[in-house]
Novice: 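This is the structure I have questions about; it appears just below.
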Protein chains: 2
Amino acid sequence: MTVKSKDSRPGGRSARVRAAVHRAVVELVQEVGADNVTIPAVARRAGVNPSSVYRRWGTAPALLADVADQRQDEEAPELLGDLREDLERAAVWTLTDLSRPGGVAFFRAEVAPDVDERRAGLRACLERVSARFQAPLAAAAERGEPVPALERVLDRVVAPLYFRVVFSVPETDEQYARDLVAELCAPGRDAAPGDRGHR
Amino acid sequence: MTVKSKDSRPGGRSARVRAAVHRAVVELVQEVGADNVTIPAVARRAGVNPSSVYRRWGTAPALLADVADQRQDEEAPELLGDLREDLERAAVWTLTDLSRPGGVAFFRAEVAPDVDERRAGLRACLERVSARFQAPLAAAAERGEPVPALERVLDRVVAPLYFRVVFSVPETDEQYARDLVAELCAPGRDAAPGDRGHR
DNA sequence: TGACTAACGCAAAGATCACTGCTTTAGTCG
DNA sequence: CGACTAAAGCAGTGATCTTTGCGTTAGTCA
């Protein structure tokens with residue numbers, strides 16, 4: 001059986017509706033913010049009946065989470081074999097992913113759902129991000145190189161990125177993401193992140 | 001004119017209503033989550049008419065933000081004169097503040113409001129947190145000691161704390177908060193945060 | 001003490017959302 | 001091609017939420 005996961009009838013209307021709804025969600029999240037995205041609004045924009053959306057996704061948070069899920073499974077990284085370079089790529093990827101319109105909003109949406117699903121959403125979100133960095137780490141470890149613990153990467157690279165994006169700290173760009181990795185890999189040798197003329 | 005900021009009639013009913021509403025908000029945020037806090041529910045619990053709440057705060061996010069504001073202005077730190085110790089206290093304070101029931105929820109609430117107020121709420125939130133660390137830094141600088149940049153403290157201490165609390169990473173406790181500061185002040189000398197038998 | 005008024009309570013009306021039986025559409029498969 | 005059925009559309013219902021006009025309460029100040 002060719003597993004396409006969901007949609008027992010992937011070949012037509014069902015898929016079209018899903019696509020239209022997803023597009024509508026992305027647009028609305030950008031326009032009015034994740035908190036103000038309601039199912040009727042999404043349905044209107046998607047040219048779909050609200051009841052269809054209710055039946056498929058149930059609640060707005062669930063819909064948001066679904067879109068967020070699908071959104072991050074699109075791209076696939078490639079390993080170069082150099083730990084620092086690969087980590088930098090993962091960092092830049094994370095930053096890009098977080099910076100695009102609605103990026104933080106989706107992050108927030110996934111963190112939001114009610115207590116029972118919440119832990120699950122959090123785990124999934126954290127593990128997706130972790131996976132990006134764990135791949136390079138595992139590869140380097142296999143090559144016999146000394147590697148920092150994943151927790152350390154999260155603290156020193158991922159956490160600052162999230163924090164700065166959420167708070168809209170200026171000068172949080174790709175160069176900064178690379179600097180974070182650089183300082184993690186070669187502490188004290190390079191300039192500290194942000195030491196490039198921040199007036 | 002004795003400026004008491006808000007409330008042109010601070011001496012009675014108005015203040016009581018505000019207190020009752022604030023208490024109700026805190027309780028509800030803990031019980032049902034910040035997203036499910038509605039104005040009618042708050043009003044019911046506070047024994048107040050919904051219209052009063054609507055007239056004073058307008059929307060639920062605005063109410064949440066107001067409560068979050070008032071919540072953090074309660075305590076006042078004290079400086080000991082030792083940079084590292086003072087930073088550790090600030091870190092522990094931040095963690096405690098974030099960990100108490102509804103702490104993250106309030107953080108999220110303040111980040112949420114619609115685009116126009118959002119930047120303001122973010123700035124305020126960031127500046128409040130920054131202030132906790134800037135005081136020790138300024139004091140140490142005045143004493144002629146070398147001090148790290150505030151941005152660096154945010155990246156290395158505050159960001160990981162926020163990140164780990166939001167994602168419910170285990171073993172994120174006071175000891176861990178101190179370790180973050182320790183590693184910032186004396187890089188490489190002490191054990192890296194988390195290196196205390198994390199199996 | 002008594003007039004003044006900001007803020008609250010009350011109630012009604014309108015809007016939106018969430019849900020559900022039933023009908024219709026459109027892929028799927030023999 | 002024709003029967004089958006998963007999914008979408010439609011329409012009606014109940015439950016909140018939100019807003020607004022108006023009367024009432026309770027601090028404030030001369």
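Please read these numbers as outputs of a predicted model, since none were measured by experiment. In what follows, every heavy atom counts, from backbone to side chain, and hydrogens, waters and symmetry copies are set aside. Residue numbers start from 1 in every chain, and the chains themselves are labelled A, B, ... in the order their sequence lines are given, proteins ahead of strands.
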Novice: Tell me the interatomic distance from Leu63(B), atom CG, to dC17(D), atom C1', rounded to whole angstroms.
Specialist: 15 Å
Novice: Does the side chain of Asp97(B) come within less than 4.5 Å of Val129(B)'s, by heavy atoms?
Specialist: no
Novice: For Thr38(A) and for Asn49(A), find the nucleotide of DNA chain C with the closest heavy atom, then tell me which residue's nucleotide is more 5'.
Specialist: Thr38(A)
Novice: Without decimals, in angstroms, what is the distance between Trp57(A) CH2 and dA7(D) P?
Specialist: 12 Å
Novice: Given dC8(C), dC17(D), dA8(D), which nucleotide is nearest the side-chain atoms of Arg56(A)?
Specialist: dA8(D)
Novice: Closer than 4.0 Å, any side-chain N/O of Ser52(B) to the OP1 or OP2 of dG9(C)?
Specialist: yes
Novice: Taking atom types as they are modelled, would you say the side chain of Arg55(B) forms a donor-acceptor pair with the base of dG21(D) within the 3.5 Å cutoff?
Specialist: yes
Novice: Hey, are Glu145(B) and Arg84(B) close enough for a salt bridge, meaning a charged N less than 4.0 Å from a carboxylate O?
Specialist: no
Novice: Between P on dA26(C) and CZ on Arg18(A), what's the gap in Å once rounded to a whole number?
Specialist: 20 Å
Novice: Quick one: the side chain of Ser51(A) and the base of dC19(C), do they pair up donor-acceptor inside 3.5 Å?
Specialist: no
Novice: Whole-Å distance between dA8(D) P and Arg13(A) CZ?
Specialist: 7 Å
Novice: Let me know the distance between CZ of Arg44(A) and C1' of dC17(C), rounded to the nearest Å.
Specialist: 10 Å
Novice: With a 4.0 Å cut-off, would you call Arg164(A) and Glu151(B) a salt bridge?
Specialist: yes
Novice: Decide whether Tyr176(B) and Asp155(A) meet the rule of one side-chain donor and one side-chain acceptor closer than 3.5 Å.
Specialist: yes
Novice: Would you indicate which nucleotide in dA8(D), dC17(C), dC17(D) comes nearest to any side-chain atom of Tyr54(B)?
Specialist: dC17(D)
Novice: Given dC17(C), dT18(D), dG27(C), identify the nucleotide with an atom nearest to the side chain of Ile39(B).
Specialist: dT18(D)
Novice: Nearest to the side chain of Arg16(B), heavy atoms from C-beta on, is which of dG9(D), dT25(C), dG27(D)?
Specialist: dG27(D)
